[in-house]
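Have a look at the structure that comes next, please.
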Amino acid sequence: MIINSREGGVKGNEDCHEALLREVAEETGYIHAAVKNKLGTVVERKIDEFHDTVM
């Protein structure tokens with residue numbers, strides 16, 4: 001499962017594992033998720049909507 005949320009991410013004193021479980025619950029309603037192995041890292045870049053020379 002891939003979770004992509006603009007408002008998501010690690011909040012407060014969460015670690016990445018806790019943040020992922022929270023995001024899955026928030027986005028899908030699924031509260032019995034299990035985190036196994038890290039698959040990889042996704043870096044997303046987008047041109048700024050107001051300044052076309054800024055990422």
Atom CD in Glu23, atom CD in Glu14: separation rounded to 0.5 Å? 8.0 Å
Verdict with supporting geometry, Val10 and Asp15, side-chain contact (heavy atoms from CB on, under 4.5 Å): CA-CA 7 Å; Val10 179; Asp15 62 20; over 6 Å; no
Spacing of Glu27 atom CD and Arg22 atom CZ [to the nearest 0.5 Å]: 9.5 Å
Which pair of heavy atoms, one from Glu18 and one from Asn13, lies closest together, and at what distance? OE1-O, 4.1 Å
Taking all non-hydrogen atoms of both residues, which atom of Ala25 and which atom of Ile31 are closest, and how far apart? CB-CG2, 4.3 Å
